[in-house]
Amino acid sequence: MMKNRVYSERQSFWNWWLIILFVGLFVWLLYPLLLTDKTFTSEDWVGLGLLVLVLMLLFVKLHTRIDKAGITIRFFPFVIKRTWSWDMIDSVYIKKYSIVDYGGWGYRVGKNGIAYNTKGNFGLQLILKNGARIMIGTQRPEEVKDMVDTYKQMEHENIH
């Protein structure tokens, strides 16, 4: 009998281009306001709003856990905690996807189902027994595949 194996992955939106965007917005908005007598205009408020949105991305993280109970994600503020038990899942596999497939990154709902992703182009595709399609992004597709294959094999052995 195999000991309970657990896979855990934490991802965030932070990329080199996001850091450049943040620094650029900071310099564009705050530098002139702090060093001159300039007052806030409507464009400044829009810039400040963008700066706050970019800063909020610092706190958004996708946590994925795969264990004997199933597949669990946390994606605050979109999803506090969601678990799909193995008996809810009809099919599960690694999928290479395009940003166009789901309309971007984040929490997405579209014609291909629901997606939870932060970056990259690999995900764990779940097809539930009720027909729902869930895609969970991963930066480590080979490790996820190995873990899913392990639990699929265990489930198969338990059935037979």
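- Hydrophobic clustering, with ILVMFWY side chains joined whenever heavy atoms are under 4.5 angstrom apart, groups Met88 together with Ile114.
- Among Thr83, Val92, Val144, the one residue that satisfies the side-chain contact (heavy atoms from CB on, under 4.5 Å) test with Ile71 is Val92.
- Gln139 approaches Lys119 most closely through the heavy-atom pair NE2-O, 2.9 Å.
- Residue Pro77 comes nearest to Val60 through the heavy atom pair CD-CG2, 3.9 Å, listed as atom of the first residue, atom of the second, then distance.
- In this structure, Phe75 and Tyr116 have perpendicular ring planes: the angle between them is above 60°, well past the 30° mark.
- Taking a 6.0 Å sphere around CZ of Phe76, one finds it holds 12 or fewer heavy atoms contributed by other residues, nucleotides or ligands.
- Here the straight-line distance linking atom CD of Glu9 with atom CG of Leu62 works out to 7.5 Å at 0.5 Å rounding.
- Rounding to the nearest 0.5 Å places CD1 of Ile89 at 6.5 Å from CG of Leu128.
- For the pair Leu126/Trp84, a side-chain contact is recorded, criterion being any heavy-atom separation below 4.5 Å from C-beta on.
- Residues Thr72 and Lys81 form a side-chain contact, since some pair of their non-hydrogen atoms from C-beta on lies under 4.5 Å apart.
- Distance CG/Leu124 to CD1/Ile66: 5.5 Å, rounded to 0.5 Å.
- Note that the CZ atom of Arg74 and the NZ atom of Lys61 stand 14.5 Å from one another [nearest 0.5 Å].
- Surrounding NZ of Lys95 are more than 12 heavy atoms belonging to other residues, nucleotides or ligands, all under 6.0 Å away.
- In this structure, Val100 is a member of the same hydrophobic cluster as Phe122, with clusters built from ILVMFWY side-chain heavy atoms closer than 4.5 Å.
- More than 12 heavy atoms of other shown residues, nucleotides or ligands fall within 6.0 angstrom of atom NZ in Lys129.
- Atom CZ in Arg140 sits 11.5 Å away from atom CD1 in Ile94 (nearest 0.5 Å).
- Between the side chains of Tyr97 and Asn117, a donor-acceptor pair is found at a separation under 3.5 Å.
- Nearest approach of Tyr7 to Thr138, heavy atoms of both residues: OH-OG1, 3.7 Å.
- Tracing side-chain contacts under 4.5 Å through hydrophobic residues (I, L, V, M, F, W, Y), one reaches Tyr102 starting from Phe78; they form part of the same cluster.
- Nearest heavy atom pair, residue Gln125 against residue Ile134, reads NE2-O, 3.1 Å.
- In this structure, Arg65 and Asp67 have side chains that are in contact, with non-hydrogen atoms separated by less than 4.5 Å.
- Counting only distance, with no hydrogens or angles, the side chain of Asp101 and the backbone of Ser98 share a donor-acceptor pair below 3.5 Å.
- A donor-acceptor contact under 3.5 angstrom links the side chains of Thr150 and Arg5, judged on distance only.
- If you chain together hydrophobic residues whose side chains sit under 4.5 Å apart, Ile136 and Val109 fall into the same group.
- Residue Ile127 holds its CD1 atom at 12.5 Å from CE of Met135, rounded to the nearest 0.5 Å.
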